[in-house]
Structure formats: structure tokens, C-alpha cells
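A short write-up of the structure that comes next.
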Amino acid sequence: MKTLGRSYMVVIFICLYLPIAYLIFYSLNSGGTMTSFDGFTLEHYQSVFTDSRLIVILLNTVAVALVSAGLATLIGIGGAIGLYNIRMKRLKQSLLSLNNVMIVSPDVIIGASLLILFTVLGISLGAFSVIMAHIAFSVPIVVLMILPKLQDMKSSYLDAARDLGASSFDVLWRVIIPHIKPGILAGFFMALTYSLDDFAVTFFVTGSGFSVLSVEIYAMARRGISLEINAISTLVFLVVLVIALGYYFITSRASVKRGGIT
Amino acid sequence: MKSIVSMILAAIGIGALILFGTRFINPVPNEEGNVLHVYNWGEYIDPELLAQFEEETGIRVIYETFDSNEAMKVKVDQGGTNYDVVFPSEYMVEKMVAEDMLLPLDHEQIPNMKNIGDNFLDQPFDPGNTYSLPYFWGTVGVLFHPETTEGLDFSDWDTLWDARLENDILMVDGAREVMGVGLASLGYSQNETDMDALRQAEEKLEALGPNIRGIVGDEIAAMMEVNEAKAAVVWSGMAQDIMWENEALDFTVPEGGSNLWFDTMVIPKTAQNVEGAHQFMNFLLDAENGAQNTEWVGYATPNEAAYQLLDEEVRQDERFYPRPEQQEELEVYRNLGPEMISKYNELFLKFKMTLE
């Protein structure tokens, strides 16, 4: 049974990673296609790095992800704590449902409505509108990641802190935030990945020469997948890998520390 | 707990710094700067030409790409960015004109218009080229694998009905394109409005059913690259892209009529730099620039002067530059009005339902 379970897991992981490995492998192909491997080359990476427009787009993508995930997390913390503190059950439920509706509604609809909103408000499309849009669809995810951690928290902690003379700020800063830290981290990294791979919403709100990778790759892929796309995708995959490793180290270090104190 | 909050703040800071830093890699000019917003299909212009245009005129080009006519129209219509030059396909030009989205062109500012071949000017979708000038053009034809289809001659639409092609034909998922195959094989116009003729065409298509492997969209490219099917009815531009990936394939436009499509250049009403837009169009229509661009993009150019500068081999390639007498048979899809279009869609749907 154990070997069966193991081999099942191995098969699943192969299925998950094979396409990415295939893509990375052919990004090093000197032949022009993904059908036969002719020889090793870095020329596709070279052409990516000599195209200053692509480099700017790659940097834009990373920057938008960092800024929007960071701001969304800050807003999400406030939102989650606010939701947690609402006493009226019905109001709480409906607010939570409204939050979840944002997560399940199709990206195309969110994108189109944001485009209308921005143009009505006279906000010109560009870096600002893209970041705002990404914050808009990331906040509900962050809230959903943090809320369970808040609900886990015993209210006696808060009472004890207040009894010992902590101000509201101290309660937030020294009791609540440390407790929900894993939720915050998870929310931040979820927001980061959502921002990196979103196409539908972003397509509507890019403009004024500001573009991100997902939109650019879509337009490029219309005329067939060139190996340049493989090269960029590999670079993005590496960025994500670094982020995932960072997440792993932060969380594992945090749990060791907690273990050491108690 | 400071570390988590400071981590988030650091992320925001780094992101903002990168955003600020990219300005120096590709400086975005200030408000007064002479800039031109160009909105084009992906991979549809030689980037060197953009740099050359900037150098010659001092106008900075802000270049963005789209991947479908419909998506482009939404973005132009909403006006978040005021694009100055846009590249819609011919049917979209007609729609945009109908919705009053385009500025009439000032032909005097585009002297290089004279380079465009007469066959490609004054088309029904834009009489007198009031709003648009052709950028690239193409046809609908058959992409096939010569080795596995030996003995079949695709210069005739009827060859598609050959029993040897059982379950081996792919078709693009477009009512006009598919109905067009039926109409052309019967000798009718691509813009037929006679119901009897349309019904006949649909019946003839039903007989094609056993040969059809699938009616698909952009997946055709991937499927033909790995020889999933022996033949496919596709646009010439798409065929060219696929043939670059899979050299074993060949393309032909069967006789008896086919579609003629254009990608064009237009100026939306919302344009901010109308003069620059004219300059840009004129620049692209220059003979040498046009030839350079055609070599890079690889589609067929309507620019007669640029065509003369192309390699002999390219110019003689009748697959993409059909002989004049065959060009005569090509027809641009006319906007037949909502009623007729829904008839086409209905018949196309009926045909699709008969497929297994």
C-alpha cells in the first residue's frame, strides 16, 4: 500500500512538472522549434536580454506583483480584523459572502468592470491602474487566508492582554499580528502568484505603453510559440522558484523559533 | 511582530524602486514630448523600424500589442489610452467606421500611398480608403502535407471531398470561412446572399463531414505542426507561421474563388498625435521600409514598390502572391447585414451539428 501511495505521488509530480521541464529544456535548443533538439544554445536568452522592451516588461511584472501583493496584504489584514470584530452574525456573513463573490467571479468581468471604472474616473491606464486592479482581486484572497487564523485565536488572549494594561495598539501589534502571521505570509504569497499569472484582468487595464508579461506573451503566441517565449517563461519560473524557496525558509525558520521559545 | 510587516513594506519598496528604475532603461517622455501610441498585433512589425522611425522624426513610439480584433476594439473604445495608430482587420474597419470610431485620413500627408498596388486600394470595406490603408493581406487556402497526400491536387476545392482524406481535414472555426469553402466549390460568390445557393453549399459541406477531423481555433497551428491531420483550411498568414515550424507542409489557394483579407492601419478618433500618426503610416509605406518589414513579418505586402524589392524567390511564390488572374477570383468578406450573417451562422451551426 505504501509503495502504491508513493508511486502515485511520483506520477502526479511528474505530470505536474514535465511540461515545465520540457519548456525549459527547449529554451536551450538551437533549432527553431520544440520538436527536435539540435544543440545547446543560450541565444534565446540573449535575445530576451538584448530586447530592452522585454526586459522592462519583465521588471514591470515583478514590480507590480511585489507592490500589489504588499498593499493588498496590508489592506487585507485590516479587512480580516474588521470582519472578525463584527458582532452581528448576519452582517458578518453577508460581508464574507461579498468577499468570496470577488474570488469566484470570472476575471473577464472584473477586468471589464475595472476598465469602465477607470475610464469613468478619468484615470489613465498604466502602471497605476494595473496595480490597483491587482490589489482589487488580491485583497479578498488575503482576507480569506487570514480569517481562519483569527478565528483560531482564543479571545482570552485578548482579554488577558487588556487586563495587563495593553493599549488597543499593543493588542494588535503584540498579540493579534504575531498570531495571524502564518496567514499573512500565505496571503502575501498567494497575492504574489495571482498577480504574476493574471492575464484577463490585466489585459483590460494595461495601457500607455505599460505592459506585463502575461499580456505580452499572449500577443506573441498568436503567431506560434517562439523559443524566446520559452526563455522568458523559464526566467519567470526561476523567479517563482526563488519566491517559493523564500517562503519555505521564512516559514520553517519561524516554526523553529516558536518551538524554541515555548 | 515587526519582521512580517517590515517584510511586506520591503516588498512594496523594492517593487516601487523597480518601477521607478525601469524609467531609466526605456525613458518615458514627459507630457510635452512628441509621442505616438501604436497598437498592433503581436510580432507584427520589425522592431528595428520603430527605432529608425524614432531616430528620423524624433517622435517616441509607445508600442503595445493585442491578440484579437475584438479585444483591440474594446480597448480603443474605452479610451483609457489614446492610441494614435491601430491595425484592425478589414471587417473590423467596417465596424469601427459604422460606430464612428475612426478619423478620416489626410491622403496628402501620406505621399507614399502611391506605393500601394491598385488591386488593394478602394476596397468595398472602405471605399476610397477614407479611413484605412492596407498593411498586409492574405487569403484562405489549404495547408497540406504533400507526403501523405500524394496524388491529391489541392488546386481544386473539390479535392477536399476525396475519400482518401477521411477524418484528416481541420477547419478554422469561422462561419464565413467554412461556408466560403462550400460556396467556392460550387462556384458561388463568397458573399452569396441567395438562400438556395447557401443551402446547397451547406448540403455540400455535410458531404464533407466524414473527412473532417475537427473545426478548431488557434489550436490548428499546434495540431498541424505535429502532423495531427493531413490538410487544413486556414488563412494564408496562419499557414505561413505553421510552415516555419513544420517545413514538411505546403500551402495552396484552390481555384474557384477564396477570401481576400486585409490587416489595415487606421487612426482612432481619440488619437492625440494625428500628425505623427500620418507620418508613421507614410514611414511604413516607404518602399524600403515596407520591404524590410515584409521580410521580417513574412506576410504578403500590398506595397507594390516594396514588393519589387523583395527576393525573386518570395515574389514568385504563387502560394502567397497569387497570379493576377487568380487574384481576380478573391473576394473580401462584405458586411452582409445582421440578418444575412445570422443565416450564415445558422447554416454553419447546422453543418457542425451533423458532424460526429
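Since this is a predicted model, take the numbers as computed values, not measurements.
- The choice from B:Glu64, B:Met238, B:His37 that makes the most heavy-atom pairs within less than 4.5 Å of chain A is B:Glu64.
- Ring geometry for B:Tyr299 versus B:Phe136: interplanar angle over 60°, hence perpendicular rather than tilted (30 to 60°).
- Between chain B and the options A:Gly126, A:Gly70, A:Ala65, the largest number of non-hydrogen pairs under 4.5 Å is found for A:Gly70.
- Ring orientation note: the planes of B:Phe283 and B:Phe280 are close to parallel, at an angle under 30° on the 30°/60° scale.
- For B:Trp41 and B:Phe87, the gap between ring centers reaches or exceeds 6.0 Å.
- Among A:Leu66, A:Val120, A:Val175, the residue making the largest number of heavy-atom pairs under 4.5 Å with chain B is A:Leu66.
- B:Glu48 and B:Gln52 form no side-chain donor-acceptor contact under 3.5 Å, judged by distance and modelled atom types alone.
- Aromatic ring orientation, B:Tyr135 versus B:Tyr44: perpendicular (interplanar angle above 60°, classes split at 30° and 60°).
- The structure places CD1 of A:Ile131 at 11.5 Å from OG of A:Ser138, a figure rounded to the nearest 0.5 Å.
- Among the candidates A:Phe203, A:Phe188, A:Phe210, the residue making the largest number of heavy-atom pairs closer than 4.5 Å to chain B is A:Phe203.
- With chain A as partner, the option from B:Thr65, B:Leu9, B:Leu17 having the largest number of non-hydrogen pairs under 4.5 angstrom is B:Thr65.
- Of the atoms belonging to B:Ala71, heavy atoms from both backbone and side chain fall under 4.5 Å from chain A.
- Each of A:Thr206, A:Asn60, A:Ile123, A:Thr73 has some count of heavy-atom pairs under 4.5 Å with chain B, and the biggest count is that of A:Thr206.
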